[in-house]
Amino acid sequence: MRFPKRTVYCGEVRPTDVGRRVILNGWVARIRDLGGVIFLDIRDHTGICQALIRPAQQPEIARQARHLTVESVIWLEGIVQWRENPNPALPTGLVEIATEAFGLLNPSVPPPFPISDDVPLTEEVRLRYRYLDLRRPQMQRHLRLRHRVYQVIHRYFDQQGFVEIETPMLTRSTPEGARDFLVPSRLHPGRFYALPQSPQLFKQLLMVAGFDRYVQIVKCFRDEDLRADRQPEFTQVDVEMAFVERDDVLALTEGLFAQLWQELWDIELKLPFPRLTYAESMSLYGTDKPDLRYDLRIHTVTDLFADTAFTIFRTAYQQGHVIAGIRLEGGAAYSRRELEEIAESVRPFGLPGLVWIKYDTDGWHSPVAKHLSPSEYEGLRERFQLREGDLVLLVAAPWQTCYPALGALRQTLSRRAGLISSGSPEYCFLWVVDFPLLEYSAAEGRYVARHHPFTAPLEEDLPLLDIAPEKVRAQAYDLILNGEEIGGGSIRIHTAELQQKIFTLLGISPEQARQKFGFLLEALRYGAPPHGGIALGLDRIVMLMAGAESLRDVIAFPKTTSGLSLVDGAPAPVEPEQLAELGITLVTPDQTS
RNA sequence: GGGGCCGUAGCUCAGCUGGUUAGAGCGCCUGCCUGUCACGCAGGAGGACGCGAGUUCGAGUCUCGUCGGCCCCGCCA
């Protein structure tokens, strides 16, 4: 098809173009037919430009324009001129095109929804007509931002001497970790590939191979239930470095974010990012991914209540529980009803509620006021640095319950008190380090790796491996941004002996280890350098940068909460012949196939 | 695996305790209109109330199941 090609993008027509002949290619955004004059808005990804048609002088053009439908694709030629009535709301609002000719390249049936950012749409409709949803300016912005993020990442790692290497998508299923997506093998019926949950083992092999610094922007797959911030296929910036220690990886990563923020927004991030140990993060914020855009720190005050007359706290103290709480500045203004609502946030943790104490101009107010002594009040005032008008919320429970409950309370309070300003975005990065290496899985009756089984323990904790494995800390780290985990990594085990020992600790027999991870154990014997790395969640990073609420808003073709792809209908049944070739028989044949 | 909210016109929604012929705004179609930019005005078309059972004289409305969307817990090294 031959047609007049654009000389300028719609959104880029400016007063400097006045008098020039231009050609636009784009979509009909809107037609305003006033009878004696017709306005045609033409849109492409850069914006909208108004074209003018005068039926009195151009009866044939007007006749054709009146047949146009919204979202039809056209070319349009004309002379740029000043508008009689400028529209300061538009970048192109000072000028318009005096149409001399236009042509229809492809008519459009009426779209199911207007191509605009300010119409409310259900997720279902958006995903079914994703190609129209993506035509909307906001989605265009999101995916173009994502593109720019890719470019900065590639440039940064190239500058830092990294090599991008592709690792296989058809790999072997490994125990530990999430469920795998399986791919049946036609050439080997009864055997399966697995889509990678991460290129972990391959990037370690690349370190053994001497590539020294590896990076890959790579799809990863996990067959687990979905969330607003979790998709079954997602993109990671996968990084591995040889001859490094933890702080080398952290510094390299910080440099990446500094460059992203610098290049995309001209914002200088303060480096290095703050670091908290896992233990500190849990006791100060009740979570391993705290949102530091607001303070609301947890204070532990168990010791204040050693001899208290208040039965609940005395019992807690005697049972070795923790008494801790949060101060909310100005919170004394909350009503009893509001406090009841706030208390709801700790109930899911199996707590009946919490103790609230107001410190106001006329003294202390609390349902438990009469049980507390003056010295206990004084202790609270001092610990929480209370000022008049403040509120203290206290919880008494085993520490495993107490801190997470207060972590949830922190979030509830910040929302209620509006502590996160929605106006100017604020970016609070944070490293959480020294995670426990293992955690006991009651379901499986054994220790499981908290990060993954290739994570190196802290050297100073090595002696604990044999006597108190649960106390061993790992050389693992998570990167947190505004309460979202955007990356995690570790220094890896680089000797076969230690790796074998960890497998044993995880209840993986030498036989199983040889079978499933033999290639790794073998590779580690051939001069594996000390190495470590990190995997960054690209989708989440772009989501936070775009200010989006959901991962779906920064992924071109995402899955729904139930893992369906509404645009192409995947997953779908397959022909019996395909199954036969693969040697697969369905236990419950799909009736729809 | 569990919990919550939702499904009514192309889109977004209303429809009170079950009761004539199911509504609105936007969009669409037709006509009018010379400076609009969410143009305006007049008229019109458009519905198996997601699907299937049940309760009832009667179900968009109540019950159960099912499919689909969103959010959360579990899960996600």
Pairwise [atom1] distance for [N] and [M], with rounding to whole Å:
N	M	atom1	answer
rG50(B)	rG68(B)	P	16 Å
rA14(B)	rG7(B)	P	7 Å
rG58(B)	rG18(B)	P	15 Å
rG3(B)	rC51(B)	C1'	24 Å
rC26(B)	rA38(B)	P	14 Å
rG15(B)	rA22(B)	C1'	8 Å
rC76(B)	rC13(B)	P	35 Å
rG65(B)	rG2(B)	P	11 Å

What is the nucleic acid contact for [X], judged by heavy atoms within less than 4.0 Å: base, sugar-phosphate only, or nothing?
X	value
Val119(A)	nothing
Gln231(A)	nothing
Leu121(A)	sugar-phosphate

Using a strict cut-off of less than 4.0 Å between a Lys/Arg side-chain nitrogen and an Asp/Glu carboxylate oxygen, indicate whether [X] and [Y] qualify as a salt bridge.
X	Y	answer
Lys289(A)	Glu484(A)	no
Arg14(A)	Asp17(A)	no
Arg141(A)	Asp117(A)	yes

Paired with [N] by Watson-Crick or G-U wobble geometry, both distances under 3.5 Å: which nucleotide is it?
N	result
rC13(B)	rG23(B)
rU56(B)	none
rC51(B)	rG65(B)
rG31(B)	rC41(B)
rU36(B)	none

Are a donor atom and an acceptor atom from the side chains of Ser281(A) and Asp288(A) found within less than 3.5 Å of each other?
-> no
Is there a donor in the side chain of Arg410(A) and an acceptor in the side chain of Thr412(A), or the other way round, less than 3.5 Å apart?
-> no
Is a side-chain N or O of Thr167(A) found less than 3.5 angstrom from the main chain of Pro199(A), in a donor-acceptor match?
-> no
Test side chain to side chain donor-acceptor pair (under 3.5 Å) applied to Tyr129(A) - qualifying residues, sequence neighbours left out | none
Residue set satisfying side chain to side chain donor-acceptor pair (under 3.5 Å) with Gln50(A), at least two apart, ordered chain then number -> Arg32(A), Glu96(A)
Would you list the pairs meeting salt bridge (charged side-chain N to carboxylate O under 4.0 Å, His left out) in which at least one residue belongs to residues 555-564 of chain A, sequence neighbours left out?
-> Glu233(A)-Lys559(A)
To the nearest Å, give me how far apart [atom1] ([X]) and [atom2] ([N]) are.
X	N	atom1	atom2	result
Leu40(A)	rC39(B)	CG	P	12 Å
His67(A)	rC29(B)	NE2	C1'	12 Å
Asp118(A)	rA38(B)	CG	C1'	8 Å
Arg126(A)	rC11(B)	CZ	C1'	14 Å
Gln58(A)	rU34(B)	CD	P	16 Å
Leu68(A)	rC29(B)	CG	P	11 Å
Arg136(A)	rU12(B)	CZ	C1'	13 Å

Does the side-chain ring of Phe39(A) sit on the six-membered ring of the rU36(B) base, less than 5.5 Å centre to centre and under 30° in tilt?
-> yes
Between rC37(B), rC28(B), rG35(B), spot the one nearest the side chain of Leu90(A), thanks.
-> rC37(B)
Scan nucleotides 68-76 of chain B nucleotide by nucleotide, 5' to 3', and note B when protein non-hydrogen atoms come under 4.0 Å of the base, S if they reach only the sugar-phosphate, - if neither.
-> SSSSSBBBB
Of all pairs that satisfy ring pair (Phe, Tyr, Trp, His ring centres under 6.0 Å), the ones with a partner from residues 52-81 of chain A, not counting sequence neighbours | none
Can you run down the side chain to side chain donor-acceptor pair (under 3.5 Å) pairs that involve residues 434-443 of chain A, sequence neighbours left out, and say none if there aren't any?
-> Glu439(A)-Arg450(A)
Using the side chain to side chain donor-acceptor pair (under 3.5 Å) rule, collect all pairs that involve residues 495-508 of chain A, keeping only residues at least two apart or in two chains.
-> Asp466(A)-Lys501(A)
Verify the neighbour count for atom CD of Glu12(A): are there more than 12 heavy atoms of other residues, nucleotides or ligands below 6.0 Å?
-> yes
Strictly under 3.5 Å: I want the nitrogen or oxygen pairs between protein and nucleotides 3-9 of chain B, one per line.
none

Within residues 24-34 of chain A, those residues having any heavy atom closer than 4.0 Å to RNA chain B are Arg30(A), Arg32(A), Asp33(A), Leu34(A)
Check each residue of residues 81-88 of chain A for a non-hydrogen atom within less than 4.0 Å of any atom in RNA chain B, then write out the ones that pass by number, or none.
-> Arg83(A), Glu84(A), Asn85(A), Pro86(A), Asn87(A)
Could you go through residues 565-573 of chain A and list every donor-acceptor pair under 3.5 Å that involves a side-chain atom there, pairing it with any protein atom two or more places apart or in another chain?
unit_1	atom_1	unit_2	atom_2	d
Ser565(A)	OG	Asp568(A)	OD1	2.7
Asp568(A)	OD1	Ala570(A)	N	3.2

Side-chain donor-acceptor contacts of residues 51-58 of chain A below 3.5 Å, not counting sequence neighbours, with atom names and distances?
unit_1	atom_1	unit_2	atom_2	d
Gln58(A)	OE1	Arg54(A)	N	2.8
Gln58(A)	NE2	Thr99(A)	O	2.5

Tyr9(A) vs His45(A) aromatic rings, parallel, tilted or perpendicular, using cut-offs 30° and 60°?
-> perpendicular
